[in-house]
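What follows is a set of notes on a single structure, which appears directly below.
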There are 2 protein chains.
Amino acid sequence: MATTQDRQLVEQWRSIQNSYFRTAAAIDRALEAKFDIGLNEFEILDLVAESVDSACRMKALGERTPMTQSAVSKVVDRLEKAGLVSRQTCSDDRRSLYLELTDAGRALHSDAAVEHRALLKENLGE
Amino acid sequence: MATTQDRQLVEQWRSIQNSYFRTAAAIDRALEAKFDIGLNEFEILDLVAESVDSACRMKALGERTPMTQSAVSKVVDRLEKAGLVSRQTCSDDRRSLYLELTDAGRALHSDAAVEHRALLKENLGE
DNA sequence: TCAATCTATATGACACGTCATTCAATGACA
DNA sequence: TGTCATTGAATGACGTGTCATATAGATTGA
């Protein structure tokens with residue numbers, strides 16, 4: 001039997017879905033159009049940009065994002081191919097890699113971040 | 001410059017992302033394991049199940065879901081292939097189709113809905 | 001009534017994410 | 001030290017979503 005609570009849960013869930021998808025789509029389109037990178041690429045850039053320490057980070061990145069380890073790896077592939085980020089080997093654990101923004105990456109990030117925040121405000125803050 | 005408000009927005013956004021992804025993944029896995037359908041398939045089933053009127057619905061479905069029209073079409077393909085739903089032509093507009101649950105679809109939906117609601121409660125209500 | 005246009009759905013090419021696996025490096029412990 | 005398990009990351013096969021387009025039916029207006 002569908003209880004009232006069930007219906008409320010479903011409503012709540014649909015509303016989360018809609019706001020998530022609408023916001024994500026809006027940001028994705030804008031970043032794609034203006035900076036030629038997708039939302040996931042930006043989010044990785046953003047995480048790298050806010051990591052001031054130079055700890056080995058591919059792993060850490062995976063923990064701060066809902067993306068899979070392999071998704072992160074592929075996003076980083078694209079960022080690296082685009083010359084925005086570079087993979088550096090870790091001296092203390094040679095399995096690990098950490099990421100560094102290139103100058104181009106830093107520049108693009110700081111422009112894109114403005115757009116990103118503005119769209120978040122528009123869609124979340126309303 | 002990163003203002004405090006910016007940081008709050010980003011935090012809020014990440015928290016939405018996480019709760020969305022965690023919940024979606026949990027439901028998806030459970031439905032996949034127990035009923036062999038994905039979350040999107042279930043959501044279409046759910047929409048069809050709650051449409052009591054027999055209006056032409058493919059179109060209407062598209063409006064109640066963040067999915068693309070073409071995504072809906074493919075999800076329905078799979079549901080039809082699985083024998084859970086059937087496409088019916090519309091007499092008043094032969095371009096349109098409406099969907100009907102098969103008996104198997106109705107049965108699966110009512111079981112899966114219990115699971116779905118329970119997981120929503122667990123993840124959203126907590 | 002016949003174009004021109006619009007609308008509902010389907011489809012194919014493509015991009016991207018996931019899973020399972022692989023590979024190399026590390027750690028643990030006998 | 002040598003084996004065995006574990007860990008960080010990359011990769012290939014695959015499924016599914018998106019975009020652009022195709023198709024068929026509807027609508028409009030001359």
Side-chain angles (χ1 to χ4, degrees), chain A residues 17 20-22 24-33 36-44 47-48 54-82 85-100, chain B residues 17 20-22 24-33 36-44 47-48 54-82 85-100:
Chain A
Q17 271 188 317
Y20 175 72
F21 274 108
R22 281 196 321 109
I27 300 177
D28 193 61
R29 283 163 195 285
L31 294 178
E32 202 81 61
D36 201 39
I37 61 169
L39 178 53
N40 282 347
E41 279 80 5
F42 174 79
E43 304 209 321
I44 293 296
L47 287 175
V48 175
S54 52
C56 305
R57 289 203 216 89
M58 283 291 282
K59 181 71 194 318
L61 247 48
E63 285 157 9
R64 292 200 235 153
T65 215
M67 285 182 250
T68 299
Q69 173 264 319
S70 100
V72 173
S73 177
K74 293 180 183 189
V75 169
V76 171
D77 281 351
R78 277 172 251 141
L79 288 173
E80 200 171 26
K81 202 157 293 174
V85 132
S86 77
R87 283 183 238 237
Q88 308 289 139
T89 63
C90 258
S91 44
D92 57 323
D93 183 343
R94 278 183 328 227
R95 292 168 302 182
S96 292
L97 297 172
Y98 66 96
L99 301 180
E100 259 176 14
Chain B
Q17 272 187 315
Y20 176 72
F21 275 108
R22 281 195 322 109
I27 299 177
D28 194 61
R29 283 162 195 286
L31 293 178
E32 202 81 62
D36 201 40
I37 61 170
L39 177 53
N40 282 348
E41 280 79 5
F42 175 79
E43 305 210 319
I44 293 296
L47 287 175
V48 175
S54 52
C56 305
R57 289 203 218 91
M58 283 291 282
K59 181 71 193 320
L61 247 48
E63 285 156 10
R64 291 199 237 154
T65 215
M67 284 181 250
T68 299
Q69 174 262 319
S70 100
V72 173
S73 176
K74 292 180 183 190
V75 168
V76 171
D77 281 352
R78 277 172 252 141
L79 288 173
E80 200 171 25
K81 202 156 294 173
V85 131
S86 77
R87 282 184 239 237
Q88 308 289 138
T89 62
C90 258
S91 43
D92 57 322
D93 183 343
R94 280 183 327 226
R95 291 167 304 181
S96 292
L97 298 171
Y98 67 96
L99 301 180
E100 260 176 15

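Each chain gets a letter, A, B and so on, in the order its sequence line appears, and its residues count up from 1. Computed from heavy atoms alone, side chains included, the values below leave out hydrogens, waters and symmetry copies.
- By the side-chain hydrogen bond (donor to acceptor under 3.5 Å, both in side chains) test, Glu80(B) pairs with Arg87(B), sequence neighbours left out.
- A nucleotide of DNA chain D counts as in contact with chain B when one of its atoms lies under 4.0 Å from a heavy atom; the first and last such, 5' to 3', are dT16(D) to dA26(D).
- Legend: residues meeting salt bridge (Lys or Arg N to Asp or Glu O under 4.0 Å) with Glu43(A), ordered by chain and number and at least two apart, are absent.
- Using a 4.5 Å heavy-atom cutoff, the side chains of Leu99(A) and Met58(A) are in contact.
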Checklist entry - Can you give one letter per nucleotide of nucleotides 17-28 of chain C, 5' to 3': B if a protein heavy atom sits under 4.0 Å from the base, S if only from the sugar-phosphate, - if neither? => result SBB-----BS--
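- Here the P atom of nucleotide dT7(C) and the CG atom of Leu61(B) are 20 Å apart, to the nearest Å.
- For the residue pair Leu97(A) and Thr89(A), the shortest heavy atom distance occurs at CD2-CA, 4.0 Å.
- By the salt bridge (Lys or Arg N to Asp or Glu O under 4.0 Å) test, Arg78(A) is found to be paired with Glu41(A), residues two or more places apart in sequence or in another chain being considered.
- Using a 4.5 Å heavy-atom threshold, the side chains of Val72(A) and Val76(A) count as touching.
- Remark: Leu61(B) CG to Ser73(B) OG distance equals 11.0 Å, nearest 0.5 Å.
- Scored by the side-chain hydrogen bond (donor to acceptor under 3.5 Å, both in side chains) test, Asp36(B) finds no partners at all (sequence neighbours excluded).
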